Amino acid sequence: MGSNGNSNHVKVLVLGSGPAGLSAALYAARAELAPVVLTGIQLGGQAALTYTIENYPGFPEGVGGAQLGELFQKQAEHFGAKVEFDSANEVDLSKRPFVVKTDNGEYAADTIIVTTGASPNKLQIPGEEELTGRGVSYCATCDGWFFKDKKVIIVGGGDSALEEGLFITRYASSVTVIHRREEFRASPILQKRAKEHPKMNFILNTVVTEVIGNEKVEAVRLKNAKTGEETIFETDGVFIFIGHTPNTQMFKGKLEMSGLGYITINDKMETSVPGVFAAGEAADPHFRQVVTSAGMGAAAAIQATRFLEAESG
Ligand code: NAP
């Protein structure tokens, strides 16, 4: 049971506490709807795991990801949002109020704003799961420090791969980016920075087919995507940044979604169920930025406010 005791009936329930969720909470709170935010497993969402965010407006020197999350939270709470360290695990959207079962209890909600975000993809190769936490990682900010003066590889060719790779150069003796194609998907500014960095190396047209090690990572098996040639590459760490999958399994069959699992929304953040709104990476396969997610969260809360106003006549 959440801290509201038996009467866990809320006007606005926000699922998730990343930039979308906490911005939705801020707007719903300022509309005096006393929103409750269920944080999910990571307060602040994926952004909180980013060391520095350089492209959120208003912070010309950049801002720490965790710090930005705390500021979002503080601002939402200042206007009356309640942030609960709890996770939703089952929803009934077939009637209103909607019912949401959580780790700690149950909520009845007049509206729901889904901002459950996304989780990092796995390579799904031998050794990856067994050696996760023993050299395999999906979070440079969390684990980079453990690789002081060590050799690491980064898998991927997008913004995350290069940005996180650059971050790990603070600690590691060398950072080798392994990308399956010739061209990077990452933005030109990050490509330039990465290519100019003395500690960064690149192996292109190559896939990682196995993570090798007993107690910890010792090497990876590489395969040249063009020639098929296989090699063993010694490394202490394997950081994997190959995209994300939206955390929307809970809504399968309940909300319309794309084949990839992104919740379908219209330009008012409305889902296929009236009274349920979605924002941020759970519903956005295109932009996935802190600023765009925050904007979507604000829009979802404005629309939820209008929805409740229309209902109360
Ligand atoms: P992404 O842009 O989807 O890039 C994923 C990368 O992983 C691609 O290079 C892809 O290769 C590779 N990949 C995918 N599956 C693979 C597999 N099974 N094996 C090997 N390689 C694989 O993901 P992201 O870098 O996490 O970025 C996600 C979003 O967040 C993007 O919109 C990005 O712009 C944004 N972002 C922005 C910033 C910033 O603005 N500073 C920082 C981080 C993220 P291919 O290129 O061959 O498909």
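For ligands, and for the atoms within them, numbers begin at 1 and follow the listed sequence. On a predicted model such as this, the values are computed, not experimentally measured, just so you know.
Judged as a ring pair (Phe, Tyr, Trp, His ring centres under 6.0 Å), and not counting sequence neighbours, the contacts of Tyr51 are Phe167.
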Do any side-chain atoms of residues 273-286 form donor-acceptor pairs under 3.5 angstrom with protein atoms, and if so which ones, sequence neighbours left out?
| residue | atom | partner | partner atom | Å |
| --- | --- | --- | --- | --- |
| Glu281 | OE2 | Gln46 | NE2 | 3.1 |
| Asp284 | OD1 | His286 | N | 2.8 |
| Asp284 | OD1 | Phe287 | N | 3.0 |
| Asp284 | OD2 | Phe287 | N | 3.4 |
| Asp284 | OD2 | Arg288 | N | 2.8 |

Distance-only criterion, 3.5 Å: show the donor-acceptor pairs between side-chain atoms of residues 177-184 and protein atoms not counting sequence neighbours.
| residue | atom | partner | partner atom | Å |
| --- | --- | --- | --- | --- |
| His179 | NE2 | Glu183 | O | 2.8 |
| Glu182 | OE1 | Asn205 | ND2 | 2.7 |

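Sorted by chain then number, the residues whose non-hydrogen atoms approach ligand 1 to under 4.0 Å are Asn55, Leu123, Gly156, Gly157, Gly158, Asp159, Ser160, Glu163, His179, Arg180, Arg181, Arg185, Phe241, Ile242, Gly243, His244, Phe287, Arg288, Gln289.
Figure legend: Lys151 and Phe233 shown as a cation-pi pair, the cationic atom lying under 6.0 angstrom from the six-membered ring centre and within 45 degrees of its axis.
The one candidate from Val91, Asp92, Leu93 that meets the side chain to side chain contact (heavy atoms under 4.5 Å, CB included) condition with Phe98 is Leu93.
Around atom CD of Glu32, no more than 12 heavy atoms belonging to other residues, nucleotides or ligands sit under 6.0 Å away.
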